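Handing you this structure, nothing more for now.
Side-chain atoms are counted along with the backbone in the values below, which use heavy atoms only and exclude waters and symmetry mates. Nothing here was measured: the structure is a model prediction, and the numbers come from that model. Naming: A, B, ... by sequence-line order, numbering from 1 per chain.
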Amino acid sequence: MSNNAMLSVKDLTSGYGDKVILNGISFEVRKNEVVGILGANGCGKTTLINSLCRIISSKGEVLVDGTDVSTWSNRVFAQNCSLVPQKSGIGIDISVLDVVLMGFNPFLSLMARPTKEMVTKAEKQLKVFALEDRMYDNFQNLSEGQKQIVIICRSLVTDTKVLLMDEPESSLDFAIRYSMLDTVSKQIKETDKCALISLHDVNLALRYCDKLLLVKDDSISSVIDVTAEDRITIEQKLKTIYGDIKLLSVPDSENKESLIMVKA
Amino acid sequence: MDSATVQLSRQKQHKKEILCFVIGSVLLCALFLISLFIGKYPFTIEGLLSGNERQWLIFKMLRLSRSIVGVIGGFALGVAGYIFQTVFRNPLASPDIIGVASGASAGAAFGILFFSTSLMVTACAFGGAFLAVVFTLLLASIDRSGKNSTVVLAGIAVHALAQTILMCLKLIADPEKELASIEYWIMGSLNGINSNSIKFNILLIAISLVLLFVFHRKAVILASDEGEAKMLGLNVNATRLIVLLLSTVAVASVVSMAGLISFVGLVAPHIAKRLIKNNSIATMFMCGILGSILLESADIFARSAAQTELPVSVFTSIIGVPFLVFIILKGGLKHE
């Protein structure tokens, strides 16, 4: 394990029943790093996130900041890692602010209520995503995209070291998915966190992730270092997953070169 | 919408919540007082003040106990209904979803047949309800994924089993005496409650309610997906077990004293959520107050509507059903 690896996964095998979905996967995510998981539908992106979150059982070793998580209680685990699921299952009427405050649960004892400081933090986090005027609204009355943003706020509001996101962009429109990942990546860089994000949108991944894990045939087929590798190398690696594609280099609004993937 | 407007609407909602509590509490106090003076044996404030021994005895032994059970029992049913609807994310969930009522009925029938003293009937009903829930949760634990749907399925199985036991007990019951007692018990009534038989149950209800309020925040997190709740630091299976057992103890304590009381646990949370529009601890408290109002008023009607005392469930249903229909209609119109 390298010295600044925040999340280290060694030889992870997992699946459902007898069916192996991921076989002996190993990788690392360093402090301040945003790592994306790419792959076709059903390749095991969600299985990987769920295995790391211990939602489904798996074999192998997972270290967070150098500590084996297997002995951690759910509470200790949640103090260190937070999850943004594909879709939140909250099925009751509850205010948006209360949903964000749920993020503090691992840090509160049974009798404790969220402190004023926590409430202020939650309000600030909602403000970052321009949802402060909805904070007392019923979570159920929000659009699916807004709900997803609230769940992202819930994960970002605390000081967990590892942020795990499972296709967080799936219900967001074009503009919001870019601003969401822009904000998430900035927060990861500014704090001592790291993020592992499973994504469908390759262009989003190329723009905001430092590294990309390409999952194919129950393992990581290759790793792309977005910041270090050239366009041709990245294109070759992406072709192994997406087939006949082309990577174009276009200047963005800040005149930086940005890679976009198109069907050839 | 600017932040000042948001704060203003928040303050408006807060004022509305306080108003609901004040009106609810005043109404409950009024019902409690009315309930003290309604019944077969008439007595007056003058009689009590003049130290009339017979009136004091009726007041202390019967009326006061009955009114207290109306308030506390209704409160417990309302809070337990809220917990069940929250944990199972199902607006129709009630304590019977995991076999509480059917277990209590089978237990009470067993008590009526084999012991016949009211204290033993209460104890057997409590035991039956508790056993049914423990059996449901044990069955559900076979599926290690810990899904809510598994608990519901196990509850259906235990409910069917308890109903079968109840039928068998009814078959061997004397149709003239015991069968009528079993049927009357199932209909639910606060009649026959006296100060000697309620102390233990009231204590159990009080303890479980306090603990349920302590667990409120965790119960709300249980209303997420299992994996999500786990990643919010919750030991999902243990927390669900604790919360359901506490609700069961509260409901079993009420049911074992008063028999089956329908609709209170179902309707009170719906009205409370309509009024407070949230799932805060205030909503849970409001569910309790509304449960008390429903049961206390139903008991007043049960004692005063006819020459003989009527089952309390008749009136909880008469009050509850129109509310439920209203809620369904209003909800349906809102979604259209």
Side-chain angles (χ1 to χ4, degrees), chain A residues 46 49-50 52-57 72-95 97-99 101-114 123 126-127 132-141 151 154-155 158 160 164 166, chain B residues 1-14 82 85-91 93 144-146 148 210-211 213-239 242 269-270 272-274 276-281 283 334:
Chain A
T46 299
I49 298 282
N50 285 347
L52 295 176
C53 293
R54 312 191 302 182
I55 294 168
I56 57 170
S57 57
W72 284 356
S73 65
N74 288 351
R75 189 167 177 224
V76 176
F77 189 78
Q79 284 170 353
N80 287 277
C81 305
S82 55
L83 167 74
V84 176
Q86 259 180 43
K87 194 174 182 243
S88 169
I90 296 172
I92 54 167
D93 293 336
I94 184 167
S95 77
L97 183 64
D98 284 337
V99 173
L101 287 171
M102 276 183 183
F104 289 105
N105 183 62
F107 302 90
L108 291 168
S109 64
L110 183 63
M111 303 282 277
R113 303 276 148 207
E123 288 172 353
L126 283 166
K127 208 170 181 176
E132 73 274 20
D133 58 343
R134 304 296 304 267
M135 72 174 107
Y136 298 114
D137 286 2
N138 186 349
F139 178 75
Q140 304 303 341
N141 293 344
I151 299 301
R154 185 178 75 182
S155 296
T158 57
T160 51
L164 300 159
D166 188 11
Chain B
M1 209 192 290
D2 58 21
S3 69
T5 321
V6 173
Q7 286 305 329
L8 203 71
S9 83
R10 173 70 191 145
Q11 281 170 7
K12 228 172 138 183
Q13 176 62 24
H14 193 61
Y82 167 86
Q85 288 176 17
T86 304
V87 171
F88 290 105
R89 286 182 282 169
N90 181 347
R144 294 182 72 187
S145 67
N148 269 344
V210 169
L211 290 173
F213 275 96
V214 168
F215 271 92
H216 170 265
R217 197 164 43 80
K218 309 270 182 197
V220 168
I221 294 175
L222 281 176
S224 325
D225 282 338
E226 275 89 0
E228 204 179 343
K230 202 174 173 181
M231 281 305 288
L232 289 168
L234 217 63
N235 187 334
V236 178
N237 287 343
T239 311
I242 292 168
H270 281 281
K273 284 175 201 167
R274 286 260 151 193
I276 297 188
K277 294 188 172 70
N278 204 340
N279 263 286
S280 60
I281 204 156
T283 320
K334 211 170 75 175

Exercise for the section: With the side chain counted from C-beta on, respond yes when A/F77 and B/M231 share a heavy-atom pair under 4.5 Å apart, and no when they do not. Expected result: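 Side chain of A/F77 against side chain of B/M231, heavy atoms only: contact under 4.5 Å found.
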Practice task
Examine whether an atom of A/K127 lies under 4.5 Å from a heavy atom of chain B, and if so say whether it belongs to the side chain, the backbone or both; otherwise answer neither.
Solution key: neither
Completion exercise
Whatever's closer than 4.5 Å to a heavy atom in chain B on A/R54 counts as both
Practice task
Nearest 0.5 Å please: distance from the CG atom of B/D225 over to the OG atom of A/S88.
Solution key: 7.0 Å
Problem - Sidechain-backbone polar pair: A/N74 side chain, B/K230 backbone, donor-acceptor under 3.5 Å - result: no
Completion exercise
Most heavy-atom pairs under 4.5 Å with chain B, out of A/I151, A/I90, A/N50, belong to A/I90
Handout entry: Distance-minimising heavy-atom pair for B/T86 and A/I92
Key =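 Distance-wise, the nearest heavy atoms are CG2-CD1, 3.9 Å.
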Practice task
Output the distance between atom CZ (B/F213) and atom CE (A/M111), rounded to the nearest 0.5 Å.
Solution key: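 It comes to 13.0 Å.
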Problem - A/L108 versus chain B, the contacting section by heavy-atom distance below 4.5 Å - result: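 Interface part for A/L108: both.
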Exercise for the section: Please determine, among B/A223, B/S280, B/G227, the option with the most heavy-atom pairs under 4.5 Å with chain A. Expected result: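 Option with the greatest count: B/A223.
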Completion exercise
Most heavy-atom pairs under 4.5 Å with chain A, out of B/L222, B/L232, B/L234, belong to B/L232
Practice task
Give a yes or no answer on whether the side chain of B/E228 reaches the backbone of A/G89 with a donor-acceptor pair at less than 3.5 Å.
Solution key: yes
Problem - Side chain, backbone, both or neither of A/S95 within contact of chain B (heavy atoms, under 4.5 Å) - result: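 Both parts, backbone and side chain.
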Exercise for the section: Rounded to the nearest 0.5 Å, what's the gap from CD on A/Q140 to CG on B/N279? Could you check? Expected result: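 Between A/Q140 CD and B/N279 CG, I get 9.5 Å after rounding to 0.5 Å.
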Exercise for the section: Under the side chain to side chain contact (heavy atoms under 4.5 Å, CB included) rule, what do B/K218 and A/N105 come out as? Steps first, then yes or no, please. Expected result: CA-CA 8 Å; B/K218 309 270 182 197; A/N105 183 62; 3.5 Å; yes
Practice task
Decide side chain to side chain contact (heavy atoms under 4.5 Å, CB included) for A/R113 and B/I281; before the verdict, give the C-alpha distance in whole Å, the side-chain angles of both, and the deciding distance to 0.1 Å.
Solution key: CA-CA 11 Å; A/R113 303 276 148 207; B/I281 204 156; 3.7 Å; yes
Practice task
With rounding to the nearest 0.5 Å, note down the distance linking OH in A/Y136 to NE2 in B/H14.
Solution key: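 Nearest 0.5 Å value for the OH-NE2 distance: 10.5 Å.
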Exercise for the section: Could you look at A/D98 and say if it's the side chain, the backbone, both or neither that has a heavy atom under 4.5 Å from chain B? Expected result: side chain
Problem - Set of residues satisfying salt bridge (Lys or Arg N to Asp or Glu O under 4.0 Å) with respect to B/R217, sequence neighbours excluded - result: none
